[in-house]
There are 2 protein chains.
Amino acid sequence: MVDSGLINAARDFNRFYTNFLGVLNRAYLDTDFTLTDARVLFEIGSREGVSAVALARDLQLDPAYLSRILKRFRANDLIETKADPGDLRSQIIKVTTKGYRQFEELGRRSNTQIAERFANLVDGEPQTVVAAMTSIRALLDPDAEPRPVVIRGHRPGDIGWIVQSQSKAYTEEYGWDMRFEGLVAEVAGKFLANFDPAMEYCWIAERDGINVGSVVITNGGDGVAKLRLLYVDKAARGLGLGRMLVDECIRFARAKQYRQISLWTNDILHAARGIYLKVGFRLVSEERHRMFGPEENGQTWVLDL
Amino acid sequence: MVDSGLINAARDFNRFYTNFLGVLNRAYLDTDFTLTDARVLFEIGSREGVSAVALARDLQLDPAYLSRILKRFRANDLIETKADPGDLRSQIIKVTTKGYRQFEELGRRSNTQIAERFANLVDGEPQTVVAAMTSIRALLDPDAEPRPVVIRGHRPGDIGWIVQSQSKAYTEEYGWDMRFEGLVAEVAGKFLANFDPAMEYCWIAERDGINVGSVVITNGGDGVAKLRLLYVDKAARGLGLGRMLVDECIRFARAKQYRQISLWTNDILHAARGIYLKVGFRLVSEERHRMFGPEENGQTWVLDL
DNA sequence: GAAACTAATTGACTCAGTCAACTAAAAGCA
DNA sequence: TGCTTTTAGTTGACTGAGTCAATTAGTTTC
């Protein structure tokens, strides 16, 4: 039996969120769409070629009711339907150009509502909210798909994120002290201050608008690219993200005619070391140090391109 | 502007949760209560003696509709109402014994539904879900009580947060470019790398475990304390937080026998300038520069202690 | 090739929720 | 003080979102 305190808290949240969604759904008040209409159109718009049964099942709608909604949409030229050649009873539903515009308009309204709610929050809080939502969904939604990760160049604030997340993670996981954060901040700061877009780059891995990984290539001179600040957040480990980031670096370094990539790491970072080995880096030197508190094995690795 | 990835993720969650709540609310299907009825009865049952307006406001119901629901409840002997002696227009609504039994019955059904959902989860997961729910609610519920701000020393990750939040804010608000983030990261990194706990300090203002403000005192030598990186997040402005942080600095500098506090800022940062003036800083020099893109007026202020 | 099942539609209905108008008490105002 | 404006609650009149049962037509089963 599950703890009743938990259940009460969940009920409490559900009550609150019922209200909250009620407010958000006001967005449709001055359109000729009901919430149900909007849900249906959204589903059709984002899943080209669904069938009515699938819609009814996923949105938990009465088939009769849905049929009427679809009929109206068809009359208003928002959707087109044709029989599924594989099963002539079933139909393939698609939005028309007009329907797509409407779909986008509804999306815009919905976005505005949420943006308004988020606008009252401190920087970082929207990320917290979304992270919490994601974690709820991952556990309560049996068909939650893994969310896609995008890798992109850095934007304002990202360098600060790198400093923050790395120092937090490594102090927690390995007991390093604040000198580590100082080092990261200085490295990151110098990277930005002297940033040379022609030869240097910073990749940020992002999921649902939340940063989950990073890596940086800086110009070490003499045809040597320095790979720095490789990091993958705990919540996104096991997806091969570290490998993808390192691959980006190698591709970039080759394209920029570097002859070698060099990096400094600590052997305690096993996952990273595994990646470096796999892509062909070789260990060239090693030294024990206490730069961040506990004694560690600092290592220099290079990859000839 | 809030990141669109975040907004999409939130919309996604809302769509999912609309469905989820829809399923949960099936609990009332075989009772003679609608979801609205249940919400009303729940609210009356848990807040002895509410008025109809309060109910209508909190549950976002039409007063006419609510009035009819209450009438029905009264007829079914679920509630009793009497005029509020303090305001004869208003009524005090209470559940009867029968109403309370019904209230409990609905609660039980609702609990069962949630318990069923939780039953599919591994141990520890329900706790995660509830923690996530609580954190969403704390941030999105406007009626959640105002959350206290605490000012404390820095911890791992805080310096990165300073870099991130300041650079994000100033690029958005004043169009400064990434060299600003670079400068902040270097200043912050040096502060940490050479941190002298006897003469230096970093204050972080925190609300609900989330950072909302910062300031740093570093030793400039010669009896001069440098005040740096003063920042208050947008959503926490107007609480006098900036002033509190500066006061902390002054108190600290006095205690450490500094003879002067000096700081560099830009006149475009009006709120900060207002604080410096108010606590007695005086402007000693000024120069135009383009360090961060747009032309700005850099200013040096000092306060003799 | 008949029986059982599924996708979609239509007819017929109902009741949850809305809007406007009204009463009565309270609050504001000069 | 009396006048106007606002607020709490109620009622009449309505509508349209959503439900249920029955029907058609295609598909699967054995």
* Could you give the CD1-to-P distance, from B:I92 to D:dG9, as a whole number of Å? -> 10 Å
* Residue closer to the 5' end of DNA chain D, A:P85 versus A:L61 (nearest nucleotide) -> A:L61
* Is the shortest side-chain N/O distance from A:S90 to OP1 or OP2 of C:dA8 below 4.0 Å? -> yes
* Would you name the heavy atoms of B:A115 and A:I7 that are closest together and state the gap between them? => CB-CD1, 3.7 Å
* A:K71 side chain near C:dA8 phosphate (N/O to OP1/OP2, under 4.0 Å) -> no
* Record whether the side chain of A:R89 comes under 3.5 Å of the base of C:dT6 through a donor-acceptor pair of N or O atoms. => yes
* Looking only at heavy atoms, which two atoms of B:A52 and B:I93 are closest? And how far apart? -> N-CD1, 3.8 Å
* Does one side chain, of B:R74 or B:T81, offer a donor that lies under 3.5 Å from an acceptor on the other? -> yes
* Structure fact -> Computed from five pairs at either end and rounded to 10 degrees, the angle between the axes of the helix from C:dG1-D:dC30 to C:dA30-D:dT1 is 40°
* For A:R74 and C:dT9, is the shortest distance between a side-chain N/O and OP1 or OP2 below 4.0 Å? -> yes
* Asked: Is there a donor-acceptor pair closer than 3.5 Å between any side-chain N or O of B:T96 and the backbone N or O of B:D77?
  -> yes
* To do: Could you work out which one of C:dT18, D:dA17, D:dT11 sits closest to the side chain of B:S67?
  => D:dT11
* Please figure out whether A:D62 or A:D87 has its closest DNA chain C nucleotide nearer the 5' end. => A:D87
* Asked: What closest approach, in Å, do B:G99 and B:L41 show between heavy atoms, and which atom pair accounts for it?
  -> O-CD2, 4.1 Å
* Structure fact -> In terms of heavy-atom contacts, B:V212 and B:W161 come closest through C-CH2, 3.8 Å
* Within this structure, what is the CG-to-C1' distance between A:L35 and C:dA16, rounded to whole angstrom? -> 15 Å
* Counting side-chain heavy atoms from C-beta on, which of D:dG12, C:dA16, C:dT10 comes nearest to A:R68? -> C:dT10
* Asked: Between atom CD in A:Q60 and atom P in D:dT19, what is the gap in whole Å?
  -> 11 Å
* Given D:dT10, C:dA26, C:dG17, the nucleotide with the shortest approach to the side chain of B:T36 -> C:dG17
* For B:A52, answer base if it contacts any base atom (sugar-phosphate contacts may also be present), sugar-phosphate if it contacts only those atoms, and nothing otherwise; contact means non-hydrogen atoms under 4.0 Å. => sugar-phosphate
* **Atom pair distance, as rounded to whole Å: CG in A:D84 and C1' in D:dT27** => 12 Å
* **Interatomic distance where CZ belongs to A:R39 and C1' belongs to D:dA17 [whole Å]** => 13 Å
* To do: Considering non-hydrogen atoms only, spot the tightest contact between A:K94 and A:G49 and give its length.
  => CG-N, 3.9 Å
* Structure fact -> note: B:L66, atom CG; D:dT11, atom C1'; distance rounded to Å ~ 14 Å
* **Gap between atoms CG and C1', on B:L59 and C:dA16 respectively (whole Å)** => 15 Å
* Nearest-angstrom distance from the residue atom CG of A:L88 to P of C:dT9 -> 14 Å
* So, A:R101 and A:E104, do they make that salt bridge, N to O below 4.0 Å? -> no
* Structure fact -> From the candidates D:dG26, C:dA8, D:dG9, the one with an atom nearest any side-chain atom of A:V53 is C:dA8
